[in-house]
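It should be emphasised that the depicted structure is a prediction, and the values quoted were computed from it without experimental measurement. No hydrogens, no waters, no symmetry mates; every other heavy atom, side chains included, goes into these values. In the text below, chain A, chain B and the rest are named by the order of the sequence lines, each starting its count at 1.
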Amino acid sequence: DVEHSRAYIDQLYSNDSQKCFQAVSELKFAVIGNVREKGSIIEQGIVVRLLQILRTPDMDAILKTEVVTVLNSLAKGLPEHASSLVQAGLLPVLWEQLEACVGGGGTNVYIQMVLCCLRSVYRQGCAPPPPAWDHKLLSTLIQHGYHPPSNQECVANILAHACKTCEQQQQLVEAGGADLIACMLCSPVTRVQLPALHCLAAMCFNNERVSSIVSTKSYGGKAVPDLLVGLMARDRPRELQLAAATSLTFLHRAGALSADDPKIIFKTLQCLVRMCRRDREVWERVEAANTLAYLTEVSTELQRTAAMTDHLILTMNDYLKDTPTSATNIPQPLCVSPVSNRQYENPSTWPELMLEAALRVYASLGANDEDIRQKVIKTEGLMNTMVTALSAASPPVQLAAVRCLHSLSRSVHTLRTTFQDHMVWRPLMTVLKTSNSEELVKVASSTLCNLLLEFSPAKEQILDQGAVEFLCGLTRRPHPGLRLNAVWALMNMAFQAEHRVKASILHHLGTDQIFRLLSDNDVHILMKTLGLLRNLLSTKAHIDQIMQCHGKEIMQAVILILEGEHSAEVKEQALCILANIADGDMAKSAIMSNEDVLKKLMNYMVIPNVKLQTAATFCISNLIWNVEDGASERQNKLRDMGVYKLLQSLMTTEDTGLFDKVKTALQQFH
Amino acid sequence: MRTNVETDGEQSGSNEGMKPMDTSEWLEETNKMHIHRADMNKLIMNYLVMEGFKEAAEKFSIEANIKPPMDLDQLDERIRIRSAIQAGHFQEAMRMVTALHPEILDDNSQLYFHLQQQVLIELIREGRVEEAVVYAQDHLAERGQRDPTILNELERTLALLAFDQPDTSPFGDLLHPSHRQKVASELNAAILKAQNQEETTPLLDELLKLLLWAQDELNKKKVQYPVMTDLIKGKFEEPK
């Protein structure tokens with residue numbers, strides 16, 4: 001038999017097209033269905049010869065068709081087989097051939113096989129996405145997408161798997177892709193509808209503009225969103241239902257359909273929840289749950305509806321408990337959307353996939369509503385599972401667990417009770433310190449922020465874990481989201497904290513870093529840094545201690561803000577800090593001795609912004625406070641500068657808050 | 001005094017109190033259902049076309065004055081392939097399928113395995129032991145390595161070799177003609193799918209399945225009714 005196989009391989013290189021055809025035919029029978037043979041043929045370098053045949057001008061059409069049939073079969077092998085083909089230069093040859101067939105240059109069968117081959121390669125996910133499509137190629141492809149069904153299926157699959165970037169999404173729509181998809185959705189053939197749905201999902205994902213265009217397309221008198229609803233009907237194959245629900249989900253998240261659109265809240269949501277039931281296959285449950293998590297991530301209305309639908313919260317609990325065994329009939333090949341990227345061939349990965357999916361759903365459901373959070377928290381075994389998952393080896397599961405934790409940490413009640421019982425901060429800190437994933441650290445640090453709120457009993461314990469040093473380090477990270485969370489966390493930490501905590505923060509952060517943060521491009525970071533300073537400079541004793549060590553730099557920082565181009569909101573914060581400093585016994589002198597600052601305060605008292613005036617007045621009020629030592633000297637000085645007169649002039653204000661402050665201040669003057 | 005009793009529970013629990021319908025009543029009720037002759041004809045035509053009875057379909061089309069759902073010449077390839085299978089020529093059938101629809105065997109690896117398994121079974125049935133072992137080694141061993149379900153089936157098939165009278169062995173079902181039929185139907189369905197037909201099994205099949213399922217549901221709820229025990233003859237068993 002080895003003899004026999006060698007013979008036909010030699011014949012492949014024959015110039016006699018009859019002999020060559022016979023050899024290619026034999027090759028075809030050898031490789032179809034046989035993975036080992038595919039690998040062997042590729043290893044022998046035969047692909048080069050096959051491509052050569054295709055490129056030869058005036059080569060017999062039947063021979064070429066047979067060659068493409070072989071290449072198609074090779075592409076259906078293992079992913080590395082498809083990669084080898086791509087590396088050997090298959091794709092440009094196929095595109096060339098397709099172009100050459102324009103205007104009746106090739107038989108229908110040949111065109112079909114070329115499209116099949118392209119589709120098989122792209123489905124393996126190894127075709128490198130070009131930064132952008134070749135416009136002419138895209139048009140040709142789309143033209144072929146209208147007829148017959150076999151070609152339609154190929155074109156839809158190619159587009160679905162190749163559409164990865166925003167630019168490609170845009171190009172696809174501009175080249176008429178949305179119209180094509182609308183047409184395909186109305187095909188009577190499921191094999192066409194399914195990849196069309198995947199293509200739709202790929203086009204619309206995260207793209208506001210494309211989604212809005214797609215949602216207005218129609219075919220046969222029905223708008224695309226309505227067509228999608230029809231495809232979610234229960235008598236449709238499950239993959240179809242899921243794909244349609246996914247498309248609608250993406251349209252909603254990209255803003256083309258609102259949360260209260262009945263198609264979303266009364267159809268899509270239900271379809272997805274239905275597919276999470278216990279009697280469904282693992283791939284359905286996992287895909288549906290993940291899509292559901294994405295669907296309900298933002299809208300409170302959807303979260304509330306989902307939480308009430310079909311005992312969803314209990315159903316998710318099943319995900320945590322079930323140990324699904326391998327089904328004997330995994331649909332082959334499994335038609336999951338290319339956007340999903342999940343593999344289901346290995347049953348040992350299923351428990352983890354289920355766990356991740358359930359945690360993501362809980363994270364979404366509990367994002368905004370306290371009642372839902374309480375229901376979720378009561379889920380049997382969830383806390384333990386979540387804490388364990390935080391330390392899990394698998395990053396996707398960790399991320400899902402942190403997200404879930406984050407949502408639940410928005411509940412004050414939970415912070416005070418359950419989180420304390422389970423010491424979630426411990427694995428959370430480990431995640432923060434050891435993770436490489438920016439996304440993970442961002443969500444974890446957000447969670448930490450919540451845990452550090454004053455009323456959280458976990459606060460003390462977290463401090464012992466070197467949290468301060470760690471967070472100060474985070475403030476130096478390039479990612480603005482991380483910096484913000486870090487500063488925010490420090491701000492929370494400093495609120496009504498002991499002096500040692502405040503000192504630790506200042507020590508690890510350093511005044512240099514504070515300056516840097518105050519010069520940050522992101523105004524939120526700036527605001528939180530000012531908030532941090534404010535919290536640090538609270539309670540008299542602390543104010544004095546801190547100003548003694550860092551007074552000069554802090555004054556410089558405040559002046560920097562007051563002199564800089566900032567919004568009134570920012571300046572108000574700076575003035576409040578001054579007011580706090582003015583509250584300290586010793587610290588007062590830092591302001592009093594600075595004529596420039598005093599003049600600024602006076603300016604702010606008369607600036608036409610009530611909030612700024614109020615803050616400035618409050619500061620003055622603290623400076624002249626009667627009870628304290630040296631009050632008379634200070635009052636005299638300020639009176640000489642004209643502060644008293646200014647205060648009097650402010651008595652005419654209509655704002656009650658300001659009026660009260662002014663009156664209080666005036667009363668202090670002897 | 002009954003309070004707080006769930007109405008649901010009341011209803012399902014009280015089936016025992018229901019009088020079982022006797023056969024004549026049952027038949028009376030069912031006779032009230034009216035099936036259109038045109039629908040019946042469509043069902044029959046669907047069966048004939050699906051299963052590949054071309055001549056019968058052509059004749060039936062004329063006699064019943066009903067248009068066939070597709071061009072009947074399209075049946076030819078499926079007929080040829082089914083003939084090959086019925087004659088036990090599985091290798092030939094595989095080549096025919098590949099020539100007509102090159103993607104089928106790549107896309108349906110389970111089907112491909114069943115076809116190969118059938119080749120193996122035929123070799124064993126004809127006593128060509130050495131060829132059987134070589135075939136198993138060349139074509140099936142590697143697949144068995146990768147997929148445990150296939151390995152299991154492969155082992156069962158090869159185990160036939162251990163018996164003097166394989167058809168009475170525990171794996172004798174593999175040698176039964178019904179196994180061949182199963183594979184033939186599987187292949188037929190795959191071809192229909194490749195031809196972009198939405199249905200791949202005859203609707204009559206689905207109807208009978210529905211009947212059996214409905215009876216099963218009634219049995220689960222312990223309802224007494226005349227059970228159709230013989231689907232071919234339509235015979236009932238009286239409720240007890």
Side-chain angles (χ1 to χ4, degrees), chain A residues 1-2 5 25-40 65-66 68-78 81 109 112-113 116-117 119-120 123 148-154 187-193 235-237 240 326-333 335 345 347, chain B residues 69-70 74 90-119 130-131 134-135 137-153 186-187 189-200 206 210:
Chain A
D1 235 37
V2 177
S5 59
S25 238
E26 276 311 303
L27 182 60
K28 180 180 79 176
F29 288 120
V31 301
I32 284 184
N34 190 327
V35 175
R36 188 178 57 184
E37 200 62 28
K38 291 185 220 272
S40 162
T65 308
E66 199 77 342
V68 180
T69 308
V70 172
L71 289 167
N72 182 28
S73 180
L74 292 176
K76 284 176 188 261
L78 301 173
H81 296 160
V109 183
Q112 191 180 98
M113 265 345 271
C116 280
C117 195
R119 173 260 276 138
S120 300
R123 273 195 76 176
S150 315
N151 288 4
Q152 288 183 300
E153 179 258 307
C154 292
S187 163
V189 182
T190 310
R191 263 180 64 177
V192 172
Q193 291 173 315
D235 61 344
R236 298 303 190 134
L240 214 64
S326 161
T328 46
N329 46 346
I330 301 171
Q332 39 166 259
C335 283
E345 277 131 26
Chain B
M70 61 170 84
Q74 280 187 28
F90 285 88
Q91 301 238 35
E92 194 189 320
M94 287 196 276
R95 280 182 95 99
M96 281 198 269
V97 157
T98 299
L100 292 164
H101 298 283
E103 295 199 298
I104 285 188
L105 294 181
D106 267 326
D107 289 342
N108 295 284
S109 59
Q110 276 234 321
L111 168 64
Y112 189 39
F113 169 69
H114 287 154
L115 285 165
Q116 290 178 312
Q117 185 191 31
Q118 207 59 42
V119 171
E130 218 177 278
E131 281 178 68
V134 167
Y135 185 84
Q137 212 144 6
D138 284 346
H139 294 91
L140 293 164
E142 189 236 3
R143 291 197 61 186
Q145 265 182 330
R146 276 187 290 120
D147 186 338
T149 26
I150 287 184
L151 183 61
N152 196 20
E153 278 301 297
E186 208 184 326
L187 183 54
I191 297 173
L192 284 167
K193 202 163 150 219
Q195 291 176 331
N196 292 321
Q197 296 297 321
E198 286 297 284
E199 265 110 36
T200 53
E206 301 296 310
L210 257 176

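- When side chains are defined from C-beta on, Asn196(B) does not count as touching Gln152(A), because their heavy atoms never get closer than 4.5 Å.
- Arg143(B) contributes no side-chain N or O that, together with a main-chain N or O of Val35(A), makes up a donor-acceptor pair within less than 3.5 Å.
- Looking at Asn72(A), Thr69(A), Thr65(A), Val70(A) one by one, the single match for side-chain contact (heavy atoms from CB on, under 4.5 Å) with Pro102(B) turns out to be Thr69(A).
- Per-residue heavy-atom pair counts under 4.5 Å with chain A were compared for Arg95(B), Gln195(B), Gln197(B), and the maximum is reached by Arg95(B).
- The minimum heavy-atom distance linking Ile32(A) with Thr98(B) is given by the pair CD1-CG2, 3.2 Å.
- The contact between Ser150(A) and chain B is made by backbone and side chain atoms together, counting heavy-atom distances below 4.5 Å.
- Of the atoms belonging to Pro188(A), it is backbone heavy atoms, and not side-chain ones, that fall under 4.5 Å from chain B.
- Taking the salt bridge (charged side-chain N to carboxylate O under 4.0 Å, His left out) definition, one finds that Lys76(A) meets it with Glu103(B), Asp107(B), sequence neighbours left out.
- Interatomic distance, OG1 of Thr190(A) versus CD of Glu198(B), reported as 3.0 Å (0.5 Å rounding).
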